[in-house]
Amino acid sequence: MQDSHEMDIKPDTVVVTGFGPFRQHLINSSWEAVKELSKLGLGDEVDLHIMELPVAYQKAKELVCKVWATLRPQLMIHTGLTSTSKAILILEQCGKNKGYKESDVCGFHPEDGHCLLEGPEIINSAINMKTIWKNIQIEGIDVIFSRDAGRYVCDYIYYTSLYCGNGRAAFIHVPPLSKRVTAEFLGRALQTVIAEMLKQCRACVQDTVPSSEPLVPPQLQ
């Protein structure tokens, strides 16, 4: 028998986010890639929603928590701009709770450097990123596995989403746009990676029934 909360999940709903401009990056490749993904879709059986997040700790956190509470997606995938100019996709396995000392576009950073004061140190994604990394190859771009999403707004939002979604979140860092790495190219790459994630989700659902009630961080209740 399914947990009563399991019925609240919308198994065909997937949310993908990208970030807006920050610092010298007037065009953020993550959001450009997500917009291209939206044109491609994830198949007729997937109800895809996309959202642009500001590079601002508190506002982005509020938006992500609201999406978990209202849409209750099967999976939320976040994308962000990597700090390297190399043509790589980085699959992030976990989010970290502490160490957020760098200011966002509003000049703000959490006073105590925490995402959640009483939250666990690390939250791992329910998606096995190492398996995804081993299973896919994308011509023209390298795919790598990581356990450090960077301790900036990307990592902060990933941790928040993992907490609110009981691990049903993922994060992909994408490279800056270039002549070779276009928004269209990144959109197709995201489509490939996310399709593999959803395949893993469907396989897991057959084996286990996770607790699915979205959580809300105490300071947002």
Side-chain angles (χ1 to χ4, degrees), residues 12-22 25-53 55 60 64 67 73-95 124-150 152-155 157-158 161-162 165 168-204:
D12 58 345
T13 300
V14 173
V15 178
V16 183
T17 74
F19 281 101
F22 72 109
H25 304 289
L26 300 181
I27 296 177
N28 193 317
S29 60
S30 66
W31 179 235
E32 297 305 308
V34 170
K35 287 189 290 184
E36 290 300 323
L37 171 67
S38 181
K39 297 175 186 177
L40 297 168
L42 293 169
D44 294 338
E45 72 280 6
V46 175
D47 181 19
L48 174 62
H49 297 253
I50 66 170
M51 175 185 291
E52 181 181 12
L53 298 175
V55 183
V64 166
V67 169
Q74 176 190 28
L75 185 66
M76 193 182 305
I77 301 104
H78 305 283
T79 68
L81 176 61
T82 183
S83 58
T84 178
S85 60
K86 295 179 181 178
I88 55 174
L89 290 180
I90 306 175
L91 309 181
E92 305 290 354
Q93 182 62 62
C94 57
N124 281 289
S125 173
I127 301 293
N128 188 324
M129 296 296 188
K130 191 166 282 189
T131 298
I132 302 292
W133 165 62
K134 289 177 180 178
N135 285 352
I136 62 170
Q137 287 187 332
I138 302 172
E139 186 175 353
I141 195 166
D142 291 329
V143 180
I144 66 174
F145 169 83
S146 166
R147 294 190 62 85
D148 185 358
Y152 190 44
V153 180
C154 289
D155 204 348
I157 289 311
Y158 191 23
S161 197
L162 288 166
R168 299 194 318 276
F171 199 104
I172 306 168
H173 268 117
V174 302
L177 299 180
S178 65
K179 288 183 179 180
R180 186 162 67 88
V181 180
T182 64
E184 293 86 351
F185 175 84
L186 287 177
R188 291 193 300 272
L190 288 180
Q191 185 187 47
T192 299
V193 174
I194 294 170
E196 193 67 27
M197 290 178 177
L198 291 175
K199 190 186 301 181
Q200 192 180 114
C201 281
R202 293 180 188 115
C204 288

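Basis for what follows: all heavy atoms, side chains included, without hydrogens, waters or symmetry-related copies.
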Full working for side-chain contact (heavy atoms from CB on, under 4.5 Å) between L91 and I127
CA-CA 10 Å; L91 309 181; I127 301 293; over 6 Å; no

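- With Q200 contributing its side chain and N128 its backbone, the two residues share a donor-acceptor pair below 3.5 Å.
- In this structure, OG1 in T82 is found 5.0 Å from CD1 in I88, a value given to the nearest 0.5 Å.
- Residues S146 and E92 bring a donor and an acceptor atom of their side chains to less than 3.5 Å of each other.
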Could you walk me through whether L53 and H78 pass the side-chain contact (heavy atoms from CB on, under 4.5 Å) check?
CA-CA 9 Å; L53 298 175; H78 305 283; 4.3 Å; yes

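- In this structure, I157 and F171 have side chains that are not in contact, with every pair of non-hydrogen atoms separated by 4.5 Å or more.
- Interatomic distance, CG of L81 versus OH of Y152, reported as 11.0 Å (0.5 Å rounding).
- Proximity of L190 to I77: side-chain heavy atoms (C-beta onward) are nowhere separated by under 4.5 Å.
- Taking every heavy atom of both residues into account, S29 and P176 meet most closely at OG-CA, 3.8 Å.
- No donor-acceptor distance shorter than 3.5 angstrom exists from the side chain of Q191 to the backbone of L42, with no hydrogens or angles considered.
- The line from OG1 of T13 to CG of L75 is 11.0 Å long, rounded to the nearest 0.5 Å.
- Considering only heavy atoms from C-beta on, K130 comes within 4.5 Å of K134 through its side chain.
- Shortest non-hydrogen contact noted between I132 and V193 is CG2-CG1, 4.2 Å.
- Between the side chain of S125 and the backbone N or O of A169, at least one donor-acceptor pair lies under 3.5 Å.
- Going from atom CD1 of I144 over to atom CE of M129 covers 13.0 Å, rounded to the nearest 0.5 Å.
- Residues V153 and F19 share a closest heavy-atom pair of CG1-CE2, 3.7 Å.
- Residues P175 and L186 form a side-chain contact, since some pair of their non-hydrogen atoms from C-beta on lies under 4.5 Å apart.
- Between the side chain of N28 and the backbone N or O of G20, at least one donor-acceptor pair lies under 3.5 Å.
- Proximity of D12 to Q74: side-chain heavy atoms (C-beta onward) are nowhere separated by under 4.5 Å.
- The shortest side-chain heavy-atom distance between I50 and L37 does not fall under the 4.5 Å cut-off.
- Within 6.0 Å of atom CD in Q137, 12 or fewer heavy atoms from other residues, nucleotides or ligands are found, so the atom counts as exposed in its surroundings.
- Of the possible polar contacts, none joining the Q93 side chain to the D148 backbone as a donor-acceptor pair under 3.5 Å is found.
- Of the possible polar contacts, none joining the S38 side chain to the V34 backbone as a donor-acceptor pair under 3.5 Å is found.
- Taken from CD in E32 to CD in E52, the straight-line distance is 8.5 Å, to the nearest 0.5 Å.
- In terms of modelled atom types and a separation under 3.5 Å, the side chain of R180 and the main chain of G140 share a donor-acceptor contact.
- Residues V181 and A87 come closest through the heavy atom pair CG2-CB, 3.9 Å.
- Using a 4.5 Å cut-off on side-chain heavy atoms (C-beta onward), M197 and I172 make contact.
- The two atoms that bring G187 and E36 nearest to each other are CA-CB, 4.0 Å, heavy atoms only.
- Here the side chains of C154 and H173 are in contact, with some heavy-atom distance below 4.5 Å.
- Heavy atoms of other residues, nucleotides or ligands lying less than 6.0 angstrom from CG of L40 number more than 12.
- Taking every heavy atom of both residues into account, A183 and L177 meet most closely at N-CD2, 3.6 Å.
- Side chain of R147 to main chain of C94: no donor-acceptor pair is present (N/O by atom type, distance under 3.5 Å, no hydrogens or angles).
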